[in-house]
Amino acid sequence: SHLTSKDSSKRKRVMIIGGDGYCGWATALHLSKMDYEVAIVDNLVRRLFDHQLGLASLTPIASIHDRIRCWKSLTGKDIELYIGDICDFEFLTETFKSFEPDTVVHFGEQRSAPYSMIDRSRAVFTQHNNVIGTLNVLFAIKEFREDCHLVKLGTMGEYGTPNIDIEEGYITITHNGRADTLPYPKQGSSFYHLSKVHDSNNIAFTCKAWGIRATDLNQGVVYGVRTDETEMHEVLCNRLDYDAVFGTALNRFCVQAAVGHPLTVYGKGGQTRGYLDIRDTVQCVELAIANPAEPGEFRVFNQFTEQFSVNDLAALVTKAGEKIGLDVSTLSVPNPRVEAEEHYYNAKHTKLVELGLKPHILSDSLLDSLLNFAVQYKDRVDRKQIMPSVSWKKIGAKPKTVAA
Ligand code: NAD
Ligand code: USQ
């Protein structure tokens with residue numbers, strides 16, 4: 001009825017694209033808990049990749065329908081669900097007209113660098129899915145919801161590993177006596193990371209041309225699995241990827257330690273990246289939503305809390321594993337990627353802290369709990385999925401099956 005009409009309700013309406021995934025599911029529950037009106041948009045393609053590649057999350061994950069029903073029964077809160085592909089503009093139009101979002105949080109992309117380097121068709125899929133999906137979101141905002149704030153998940157990997165400090169989005173350069181503040185140079189090192197660079201360019205342009213308000217969250221590597229909301233019930237449990245295609249560094253090392261597999265350090269192990277706890281992912285996204293960008297503003301935040309090299313992580317997991325009685329060894333794996341293995345790295349990350357982020361820094365207790373979590377599910381681990389099988393140099397034009 002008009003009494004509960006969407007625009008008159010004071011609760012902010014947040015559409016979470018990719019809300020069935022690792023970051024998106026945790027964020028959807030957190031925002032629902034914080035009394036935002038939440039809708040999930042997802043085409044479940046991530047679950048299909050698992051089937052196609054023969055992979056599975058360490059944790060058993062319930063269907064999105066069961067997840068949402070369970071949340072409703074525990075909290076009384078509704079999460080709306082729209083199943084479909086954002087590359088289909090008619091579908092996206094319907095979701096916008098029906099839900100009328102004040103904020104769109106866009107997690108809905110193919111996010112694995114190795115997946116994008118399997119073969120030509122996966123490289124093309126990744127860039128099409130990510131770039132066209134984001135373009136459609138920009139057009140939907142322009143056409144149907146021009147005041148809607150776009151919170152877009154980018155990646156620290158857009159910057160690469162330059163031999164100077166990494167700023168948050170922009171750098172002021174003086175050249176031949178003139179100065180300007182320009183987009184920070186981008187050097188993605190996979191077709192996936194480059195898809196995010198292309199997205200950033202499209203978003204920046206539409207902020208200028210159409211007055212879109214957008215926040216690009218250049219997130220580092222996420223670790224952990226539990227958040228306050230997902231641990232309320234086993235049906236709400238989040239996914240935890242440990243395989244060589246979708247698993248990320250620290251999560252993989254904890255699962256490897258739990259099953260007695262040597263830690264897979266690629267190359268020299270000096271690769272340094274920004275990392276953050278998934279509990280901080282949900283906090284950062286909430287801060288960005290609560291403090292929106294201005295119309296026409298293209299705001300960039302570097303979303304991570306600490307820097308580690310791969311060797312640092314291996315040492316931390318080795319020490320934490322020993323404490324709970326695991327015998328952890330490390331294996332130097334020939335690097336399947338093309339990347340710097342020893343390099344300077346110093347990236348700014350102050351803007352989210354200025355908005356109030358209280359970081360969960362990587363502690364002994366978190367490592368201990370993540371390791372124990374992995375031990376609890378260790379019978380589900382398929383050891384054949386641990387060693388990398390996708391090579392940046394051997395990427396082929398022909399469709400490849402990735403089997404160990
Ligand atoms: P994920 O694969 O677990 O989740 C992505 C979700 O998006 C999936 O549920 C998938 O089905 C959905 N999706 C993909 N394409 C879609 C489309 N065309 N239409 C509708 N839904 C679609 O990934 P994640 O780890 O949760 O990452 C979420 C976002 O955060 C990604 O954009 C990723 O690049 C970014 N990010 C992730 C990490 C990390 O460490 N996991 C780090 C930095 C940035
Ligand atoms: N690495 C190892 N051993 C492993 C796995 C990874 O040495 O077993 C190394 C990689 O070579 C790389 C680094 O660890 O140098 C990080 O690799 P990763 O797989 O953890 O992360 P990455 O491929 O960069 O991608 C992940 C997410 C992606 C997100 C990105 C943030 O999958 O969606 O964008 O982290 S960032 O790294 O800041 O670009």
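Indexing begins at 1, ligand by ligand and atom by atom, following the structure's order. Quantities reported herein were computed from a predicted structural model and do not represent experimental measurements.
- Taking atom 29 (C) of ligand 1 as the reference point, the nearest protein heavy-atom neighbour is F107 O, 3.5 Å.
- The closest approach between a heavy atom of S112 and any atom of ligand 1 is not below 4.0 Å.
- For the pair N218 and Y159, the tightest heavy-atom approach, listed with the atom from each and the gap, is ND2-OH, 3.0 Å.
- Scanning the protein for heavy atoms near atom 11 (O) of ligand 1, the closest one is D42 OD1, 2.7 Å.
- Checked by distance only, ligand 2 and S112 stay at 3.5 Å or farther apart across all their nitrogen or oxygen atoms.
- Counting only non-hydrogen atoms, the option in Q110, R111, K152 that gets closest to atom 41 (N) of ligand 1 is R111.
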Inset, instruction - Take F49 and Y115 through the test ring-ring contact (aromatic ring centres under 6.0 Å, His included) and record every step on the way to the result. - result: CA-CA 9 Å; F49 299 151; Y115 186 95; 4.6 Å; yes
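- The protein atom (non-hydrogen) at minimum distance from atom 15 (O) of ligand 2 is E339 OE1, 2.9 Å.
- For the pair P114 and ligand 2, the shortest N or O to N or O distance does not fall below 3.5 Å.
- Relative to atom 36 (N) of ligand 1, the option among Q219, H128, E109 with the closest non-hydrogen atom is Q219.
- With atom 25 (O) of ligand 2 as the reference point, the heavy atom nearest to it among H193, Q303, K268, R273 is part of H193.
- T248 CG2, 3.7 Å is the protein heavy atom nearest to atom 26 (C) of ligand 2.
- In terms of polar-atom proximity, defined here as any N/O pair under 3.5 Å, T155 does make such a contact with ligand 2.
- Applying the 4.0 Å criterion to heavy atoms of D20 picks out, from ligand 1, the atoms 9 (O).
- Taking a cut-off of under 4.0 Å to the non-hydrogen atoms of K196, the atoms of ligand 1 that pass are 31 (C), 32 (O), 33 (C), 34 (O).
- For the pair Q219 and ligand 2, a heavy-atom separation below 4.0 Å is found.
- Looking at atom 28 (C) of ligand 2, its nearest protein heavy atom turns out to be R111 O, 3.4 Å.
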Legend entry - ring-ring contact (aromatic ring centres under 6.0 Å, His included) between F139 and W210, intermediate numbers included: CA-CA 10 Å; F139 272 94; W210 305 336; 5.0 Å; yes
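- Using 4.0 Å as the threshold, F246 has no heavy atom nearer than that to any atom of ligand 2.
- A donor-acceptor contact closer than 3.5 angstrom links the side chains of T215 and R299.
- With ligand atoms numbered from 1 in the order given, ligand 1 contributes 11 (O) to contacts under 4.0 Å with heavy atoms of L44.
- For D241 and R239, the salt-bridge test passes: some basic side-chain N is under 4.0 Å from an acidic carboxylate O.
- Ligand 1 has no atom lying under 4.0 Å from any heavy atom of G157.
- The ligand atoms of ligand 1 that sit less than 4.0 angstrom from a heavy atom of D85 are 17 (C), 18 (N), 19 (N).
- Residue contacts with ligand 1: G84 is included, with a non-hydrogen atom under 4.0 Å away.
- What sits closest to atom 26 (O) of ligand 1 on the protein, heavy atoms only, is C23 N, 2.7 Å.
- Within ligand 2, the atoms closer than 4.0 Å to a non-hydrogen atom of R252 are 4 (C), 5 (C), 8 (O), numbered from 1 in the order shown.
- Summary of contacts: the protein heavy atom closest to atom 8 (O) of ligand 2 is T264 OG1, 2.7 Å.
- Counting the atoms of ligand 1 from 1 in the order shown, those under 4.0 Å from a heavy atom of N43 are 11 (O), 13 (N), 16 (C), 17 (C), 18 (N), 19 (N), 20 (C), 21 (N), 22 (C).
- Regarding atom 20 (O) of ligand 2, its nearest protein heavy-atom neighbour is A249 N, 2.7 Å.
- With a 4.0 Å cut-off on non-hydrogen atoms, A113 touches ligand 2 through its side chain and not its backbone.
- The single protein non-hydrogen atom nearest to atom 3 (O) of ligand 1 is Y22 N, 2.9 Å, given as residue, atom name and distance.
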Inset, instruction - Take Q110 and S116 through the test side chain to side chain donor-acceptor pair (under 3.5 Å) and record every step on the way to the result. - result: CA-CA 8 Å; Q110 191 303 96; S116 76; 5.0 Å; no
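- Nearest to atom 40 (O) of ligand 1 among the protein's heavy atoms is V222 N, 3.0 Å.
- For ligand 2, none of its N or O atoms has an N or O atom of N335 under 3.5 Å away.
- Annotation: atom 38 (O) of ligand 2 to nearest protein heavy atom, M156 CB, 3.2 Å.
- Between atom 9 (C) of ligand 2 and the options L263, L153, V310, the minimum heavy-atom separation is to V310.
- The residue from W392, Y266, Y242 that puts a heavy atom closest to atom 1 (N) of ligand 2 is Y266.
- Side-chain contact annotation: D216 with S200, donor-acceptor N/O pair under 3.5 Å present.
- Protein heavy atom in closest approach to atom 19 (O) of ligand 2: R337 NH2, 3.0 Å.
- One option in F304, F308, Y275 has a heavy atom closer to atom 16 (C) of ligand 2 than any other, and that option is Y275.
- For atom 21 (O) of ligand 2, the closest heavy atom belonging to the protein is V221 CG2, 4.0 Å.
- Remark: ligand 2 and G157 share an N or O pair separated by less than 3.5 Å (distance only, no angle test).
- The closest approach between any non-hydrogen atom of F49 and ligand 1 is not below 4.0 Å.
- Cation-pi geometry between R120 and F191 is not met at under 6.0 angstrom from the ring centre and within 45 degrees of the axis.
- In terms of polar-atom proximity, defined here as any N/O pair under 3.5 Å, Y192 does make such a contact with ligand 1.
- Atom 19 (N) of ligand 1 has as its closest protein heavy atom I86 N, 3.2 Å.
- Listed by number with element, the atoms of ligand 2 under 4.0 angstrom from any heavy atom of Y192 are 28 (C), 29 (C), 33 (O), 34 (O).
- Short contacts between ligand 2 and G220, defined as distances under 4.0 Å to a heavy atom of the residue, involve ligand atoms 31 (C), 38 (O).
- Of all the atoms in ligand 1, the ones that sit under 4.0 Å from a non-hydrogen atom of R46 are 2 (O), 8 (C), 9 (O), 10 (C), 11 (O).
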